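Residue numbers begin at 1 in each chain, while the letters A, B, ... track the order of the sequences. Every value quoted in this text rests on a predicted model; they were computed, and no experiment measured them.
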There are 2 protein chains.
Amino acid sequence: MGLSIGQVAERTGLSVHALRFYEKEGILAHQVHRGPGGRRVYTQQDIDWLRMCIMLRMSGMPVPEIRRYTDLVRQGDGNELQRLDILKEHQERVAQQMVRLQECMDLITRKVGIYQDYVNSIAAKAVGQ
Amino acid sequence: MGLSIGQVAERTGLSVHALRFYEKEGILAHQVHRGPGGRRVYTQQDIDWLRMCIMLRMSGMPVPEIRRYTDLVRQGDGNELQRLDILKEHQERVAQQMVRLQECMDLITRKVGIYQDYVNSIAAKAVGQ
DNA sequence: GTACGAACTAGAGCCGTCTCTAGGTCAAGA
DNA sequence: TCTTGACCTAGAGACGGCTCTAGTTCGTAC
């Protein structure tokens, strides 16, 4: 049940380049096992971890911070408070980002409404003529 | 009531560098007026426009697309449908981004909860001892 | 008149995040 | 045997979005 880098790329949506990049950046929880010929063999755990990393990246956590978190996990038990701090801090940032996004959305929606009304009124006139 | 680039930087949160950069990139709706000595003089309109650009940027609209929108506005009446298209497309992207962010948030919140419980249980034990 | 601070321009540099290249290995199939 | 395709490494390159530098010009205050 080991997967090649290509298969993992396929089912995570990351490129093989990105997968090697992430590994080089040290954001994989455990060293990827190597098969014959030095090829990477990923486990389901690796994929689960990658999916979490993707979530963190998607929500704007920088690679170095993911690495810090990963390092803590690698070090094992005893540093849960530090992990919690990182997660909470990020949670706060994401919350702020969501608020900001919502503000942008409101503005855009207002503008879309205005333009839509205008375009409709023009269309109505054209029909009337 | 014209404002210097420094004043505009102060009240928009952009750097003077960024303001010049935006201008060079052509995302200001109207040419910035120049005062004595060739210095930029911004009007309230400019600031309003900038604030909208900031919103668009914040929500992930790339500079070239803001420029396209700006160009349409500069060209004047008659292209409202195109402007509407750009805005609607962006609106869709922002909506998707919000959904994705919410998913990330859910994951993070779940993890924070788990770690919090764990940390609490450790703390309780420590007190018990 | 000179020093200071804020502005000007053109263009180089930086940062983060990939993405691609070059040159090579390996296994399986025609 | 030759080809193909997926993989390997190290390192260069691309891209977006600023950010900074160098050298200059102003206007005002001492």
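- Heavy atoms of B:Arg40 sit under 4.0 angstrom from primed sugar atoms or phosphate atoms, though from no base atom.
- A donor-acceptor pair is defined here as one N or O able to donate and one able to accept, closer than 3.5 Å; such a pair exists between the side chain of A:Arg67 and the backbone of A:Glu25.
- Of the two residues near DNA chain D, A:Ser4 and B:Ala18, the one whose nearest nucleotide lies more 5' is A:Ser4.
- Rounded to whole Å, atom C1' of D:dC7 lies 12 Å from atom NE2 of A:His17.
- One atom, CG of B:Leu19, and another, P of C:dT9, lie 12 Å apart when rounded to the nearest Å.
- The residues A:Lys88 and A:Asp85 are annotated as not salt-bridged, no charged nitrogen and carboxylate oxygen being separated by less than 4.0 angstrom.
- To the nearest angstrom, P of D:dA6 lies 11 Å from CD of A:Gln7.
- No donor-acceptor distance shorter than 3.5 angstrom exists from the side chain of B:Glu65 to the backbone of B:Val63, with no hydrogens or angles considered.
- Rounded to a whole Å, the CZ atom of B:Arg20 is 17 Å from the P atom of C:dA12.
- Of the listed nucleotides (D:dC8, D:dT19, C:dC18), D:dT19 has the atom at the smallest distance from the side chain of B:Phe21.
- Not a single donor-acceptor pair under 3.5 Å links the side chain of A:Arg40 to the backbone N or O of A:Leu3.
- Spacing between atom CD of B:Glu23 and atom P of C:dC8 amounts to 8 Å, rounded to whole angstrom units.
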How far apart are the C-alpha atoms of B:Met61 and B:Ile86, what are their side-chain angles, what is the distance that settles it, and do they pass the side-chain contact (heavy atoms from CB on, under 4.5 Å) test? CA-CA 10 Å; B:Met61 187 184 279; B:Ile86 290 179; 4.0 Å; yes

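- Distances shorter than 4.0 Å separate some side-chain N or O of A:Arg34 from OP1 or OP2 on D:dT9.
- OP1 or OP2 of C:dC18 has at least one side-chain nitrogen or oxygen of A:Tyr22 nearer than 4.0 Å.
- Within residues 52-69 of chain B, the residues that place at least one heavy atom under 4.0 Å from DNA chain D are, in residue-number order, B:Arg57, B:Pro62, B:Val63, B:Pro64.
- Spacing between atom CD1 of B:Ile5 and atom C1' of D:dC20 amounts to 14 Å, rounded to whole angstrom units.
- In this structure, the side chain of B:Asp117 does not engage the main chain of B:Ile114 through any donor-acceptor pair within 3.5 Å.
- Between the P atom of C:dT9 and the NZ atom of B:Lys24 lies a distance of 10 Å, rounded to the nearest Å.
- The phosphate of D:dC26 (OP1 or OP2) has no side-chain N or O of B:Arg39 nearer than 4.0 angstrom.
- Rounded to a whole Å, the CD atom of B:Glu25 is 14 Å from the P atom of D:dC15.
- Within the 4.5 Å cutoff, no side-chain heavy atoms of B:Val32 are placed close to those of B:Val41.
- Closest-nucleotide positions on DNA chain C for A:Ser15 and A:Pro36 were compared, and the one nearer the 5' end corresponds to A:Ser15.
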